[in-house]
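One structure is given here, and the rest of the page talks about it.
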Amino acid sequence: MLMSQLYAPTLRETPAEAELASHRFMLRAGLIRRSAAGVYSFLPLGLRVIRKVEAIIREEMSKIGGQEVLMPIVQPAELWHATGRWNDYGDEMFRLVDRHNRQFCLGPTHEELITDLIRSEVRSYRQLPLRLYQIQNKYRDEIRPRFGLIRGREFIMKDMYSFDRDEQGLDESYWACYHAYERIFARCGLDARPVEADSGAIGGDVTHEFMVLADAGEDLVLYCTSCEYAANVERAEAGPVASAKAAGEQLPMEEVATPGTTTIQEITAFLGVEATQCIKTMIYLADGEPVAALVRGDHELNEVKLQRLLGCSQLELADPETIAQVTNAPVGFAGPVGLAVPIVADHAVLEMVNAVTGANKADYHVKNVNVGRDFNADKAADIRAAQPGDPCPTCGAPLTSAWGIEVGQVFKLGTKYSAALKATFLDENGKEQPLIMGCYGIGVGRTAAAVIEQNHDEHGICWPMSIAPYHVIVVPVSVKDEQQWETAQAIYKALQDAQVEVVLDDRDERPGVKFKDADLIGFPIRITVGPKSLSQGNVEVTLRKTGDRTEVPVHQITEYVVNIISKG
Ligand SMILES: [Zn+2]
């Protein structure tokens, strides 16, 4: 490809809307262009990257017996009604109506459709396991699309679905895919970490997310500094805390006036106590029923854990009216003593002695509250968010935190969709059983963006060889110099013959301009054909990632470059 012909309109200025490096460089290097909020076109360089990520995915899916299909984007509403997700999906679903007034959606995911696809044709255990996947556009009407390809409303996704006869089969499918994902992300040049995650609305129980640790990430990950444990913050188990019980005798309860102090910060300042001595009492509505949740003052409540514990389908903080009814006090003065609603306490609360809590009375708190003596918890559980410094639940070493970009996810669905859509098979005994399902996704565009987040510098992208749009750019310092131009053309031709993906910068531009573009686009290898090297019979090879420069004899350049590329 000649640079003068390559459709890669580069931008000198950083577009105002681009906050992240990946977004910025994808726009500036001419990989993508925005057509609406969260909706992008891929230009030639961007599409070449996407196709390479897809090729790696296809190879690894094929290795674990995945067969590729292509399902429609437009999906009938009936299937979604059958699983209850037509309503559950809410405003994130793009919906449309055809001329006959039939309802459809643009697929945000394909569990319903694939279950419908196979249910009339998979009949026997002999056809299992079955692992089908596709690479296709998905649609989610994000409330705040941003960060370019990282959170778009139209995005390319690989989604695989597995169908097995029993739990053991599902387990095999799950771990086969898990390990395939490890290989895929490694081959894309990503440092991605599998973390335990909560399954959320999609259903099922076991799930891992593959997180790329990057400052630009939107998900908080907690991981162990000495073992492999890692979990997202919704899921991470909060380990035991040191008990204060041995430290002090229980003092008599004492009501104290605390006018206008409603937050932990205000109370600690007002009473001169530590947050670790306070109990935060929060009144929630669990499917409409009030419940009090207690955590230590320095801890944050984890609503995902609380909801899972209570087994409710809706959980929300109670409104001020309900709080006044339950506690006889305005917001900010709730405490567990004398409360008539069920009390759920975090494990750490049970280890407290002489705690400060709200007095269930406006402008009053109570000192020296002791669990067991002054109140009892109906349930004690891990309901707080784990935080950095907490002990690892596996080995006890301190946890540390980092931001992550989720690039893939593996789920065990079980029979949620097969039961709702009646997808069954006959087992060895001729008995009808529901298919056991798993689903496995990779954000293809997001993976490419995450690669940039981990591989760039202030000048541009530093593509890993495996997914670089082209391997090499050949830059003659002056195209008007006959010797330089002829040498550059000869190298270009020889590299093409050796199956190297190469661009020749044939533009009559200053060398500085050409080098800038080469760095911005991120060609892993730059071959500079300049007068000084050429007088020695050499050209200069510069590696984008390290900046290393080597003089290489012109007659050895093809071999030299092919060798670098083969090492990846
Ligand atoms: Zn550990």
Side-chain angles (χ1 to χ4, degrees), residues 167 170-172 174-186 188-200 204-246 275-276 295-309 344-352 379-412 438 440-442 450 453-454:
E167 287 295 329
L170 172 59
D171 221 43
E172 282 164 23
Y174 185 88
W175 290 105
C177 200
Y178 178 103
H179 294 305
Y181 277 24
E182 289 182 316
R183 295 192 296 271
I184 288 166
F185 295 125
C188 289
L190 273 177
D191 178 12
R193 200 179 244 266
V195 309
E196 288 180 19
D198 201 80
S199 51
D205 48 3
V206 177
T207 156
H208 285 87
E209 290 168 348
F210 284 76
M211 289 284 190
V212 173
L213 300 188
D215 295 337
E218 293 184 281
D219 300 292
L220 193 61
V221 177
L222 289 163
Y223 63 97
C224 180
T225 44
S226 70
C227 79
E228 293 291 297
Y229 181 82
N232 74 14
V233 74
E234 275 88 37
R235 176 79 181 186
E237 292 170 46
V241 298
S243 178
K245 279 189 164 158
T276 52
V295 294
R296 209 171 71 181
D298 60 322
H299 290 155
E300 294 298 327
L301 184 113
N302 179 325
E303 292 187 354
V304 175
K305 288 181 181 177
L306 181 61
Q307 182 165 9
R308 201 185 315 127
L309 178 78
V344 181
D346 182 63
H347 288 307
V349 169
L350 303 187
E351 303 303 328
M352 297 171 73
K379 275 182 191 165
D382 170 17
I383 57 166
R384 72 180 175 93
Q387 52 194 33
D390 277 349
C392 165
T394 306
C395 78
L399 294 177
T400 185
S401 70
W403 292 100
I405 299 167
E406 183 199 325
V407 287
Q409 204 163 22
V410 289
F411 279 114
K412 284 188 181 180
Y440 317 90
I442 290 181
E453 291 298 330
Q454 282 189 342

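Keep in mind the model is a prediction, meaning the values are calculated, not measured. Whatever order the structure lists ligands and atoms in, that order sets their numbers, starting from 1.
- The shortest distance between side-chain heavy atoms of V195 and Y223 does not fall below 4.5 Å.
- The Zn ion (ligand 1) has C224 SG, C227 SG, C392 SG, C395 SG as protein N, O or S atoms under 2.8 Å away.
- Here F185 and F210 bring their ring centres to under 6.0 angstrom of each other.
- Side-chain contact between D171 and K412 is present, with at least one heavy-atom pair separated by less than 4.5 Å.
- Using a 4.5 Å heavy-atom threshold, the side chains of D390 and R384 count as touching.
- Tested against R235, the residues H208, E209, R308 include a single side chain to side chain contact (heavy atoms under 4.5 Å, CB included) partner, R308.
- Electrostatic pairing of R296 and D346 does not count as a salt bridge here, judged by no charged N lying under 4.0 Å from a carboxylate O.
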